[in-house]
Amino acid sequence: GRPHSEIAKILTELGLIYKEHGETDKAVEHLESSLTMTQQFHSDRAHLETARALNQLGLVYRELGEFGRAIECHQSSIAMAKQIHGDQPH
C-alpha cells in the first residue's frame with residue numbers, strides 16, 4: 001500500500017517495544033520499515049520524523065554492536081536535523 005505517516009509511527013513504536021524486550025532483529029526490521037515508509041511519504045525531503053527514525057535505528061544498531069551502521073544513522077539524523085533547524089540551539 002501507499003506509505004502513511006501514522007503507519008510509520010506505529011512501526012517505530014513496535015520496533016521500540018521489540019528493542020525493550022531484547023528482540024533486536026525484529027526491532028531493526030520494524031524500524032527500517034518505518035524509515036523507508038517515512039522517506040517515501042516525505043519524498044526523501046528532510047523531515048523531523050525521518051531524523052527521529054534514523055536516530056532510533058542507530059540506537060538499535062549500537063545495541064547490536066554494529067557501530068559503523070549506528071554512526072551512519074546518527075550522522076544522517078544530525079545532518080537532517082541541521083537541514084531542518086539550521087545550527088540554532090533548540
Side-chain angles (χ1 to χ4, degrees):
R2 283 186 25 216
H4 192 280
S5 178
E6 278 305 308
I7 294 171
K9 288 177 187 176
I10 293 166
L11 286 168
T12 296
E13 291 300 321
L14 282 169
L16 295 176
I17 291 168
Y18 282 124
K19 177 184 175 283
E20 287 177 24
H21 287 272
E23 297 183 60
T24 48
D25 289 341
K26 285 185 180 180
V28 167
E29 177 185 329
H30 284 77
L31 291 169
E32 284 181 345
S33 293
S34 173
L35 176 60
T36 299
M37 189 172 287
T38 301
Q39 290 169 325
Q40 290 172 350
F41 184 76
H42 295 293
S43 302
D44 291 322
R45 291 184 318 270
H47 195 278
L48 193 53
E49 284 181 30
T50 308
R52 286 184 185 135
L54 283 162
N55 186 58
Q56 293 297 336
L57 193 55
L59 293 172
V60 176
Y61 281 136
R62 183 180 73 186
E63 198 168 297
L64 288 169
E66 294 186 35
F67 300 111
R69 291 178 92 176
I71 289 168
E72 186 179 304
C73 286
H74 289 302
Q75 287 176 334
S76 295
S77 179
I78 290 168
M80 191 168 290
K82 284 182 177 182
Q83 264 187 301
I84 296 164
H85 298 295
D87 287 323
Q88 300 299 317
H90 283 73

Student: Over all heavy atoms of both residues, which pair between G15 and A27 is shortest? Give the atoms and the distance, please.
Tutor: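 Minimum heavy-atom separation between G15 and A27: O-CB, 3.3 Å.
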Student: Is there any salt bridge (Lys or Arg N to Asp or Glu O under 4.0 Å) pair reaching into residues 50-59, and which pairs are they, with sequence neighbours excluded?
Tutor: none
Student: How long is the span from the CD atom in E32 to the CG atom in L54, to the nearest 0.5 Å?
Tutor: 10.5 Å
Student: Do the non-hydrogen side-chain atoms of H30 and I17 ever get within less than 4.5 Å of each other?
Tutor: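 Of all side-chain heavy-atom pairs linking I17 with H30, none is under 4.5 Å.
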Student: Is M37 reachable from Y18 through a run of hydrophobic residues whose side-chain heavy atoms are each under 4.5 Å from the next?
Tutor: no
Student: Let me check something: do L31 and L64 share a hydrophobic cluster, defined by ILVMFWY side-chain heavy atoms less than 4.5 Å apart, either directly or through other members?
Tutor: yes
Student: Would you list the atom pairs, donor with acceptor, under 3.5 Å between side chains in residues 6-14 and any protein atom, with sequence neighbours excluded?
Tutor:
{"unit_1": "T12", "atom_1": "OG1", "unit_2": "A8", "atom_2": "O", "d": "3.2"}
{"unit_1": "T12", "atom_1": "OG1", "unit_2": "S34", "atom_2": "OG", "d": "2.6"}

Student: I need the L57 CG to L35 CG distance, nearest 0.5 Å.
Tutor: 6.5 Å
Student: With a 3.5 Å distance limit and no angle check, can you tell me whether T50 reaches the backbone of A46 through a side-chain donor-acceptor pair?
Tutor: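 Between the backbone of A46 and the side chain of T50 there is no qualifying donor-acceptor contact (under 3.5 Å).
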Student: So I78 and K82, do their side chains get closer than 4.5 Å, heavy atoms only?
Tutor: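 A side-chain contact under 4.5 Å exists here.
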Student: Show the atom names and distances, to 0.1 Å, of all donor-acceptor pairs under 3.5 Å that link a side chain in residues 66-75 to residues at least two apart or in another chain.
Tutor:
{"unit_1": "E66", "atom_1": "OE1", "unit_2": "R69", "atom_2": "NH1", "d": "3.2"}
{"unit_1": "R69", "atom_1": "NH2", "unit_2": "Y61", "atom_2": "OH", "d": "3.0"}
{"unit_1": "H74", "atom_1": "ND1", "unit_2": "N55", "atom_2": "OD1", "d": "3.0"}

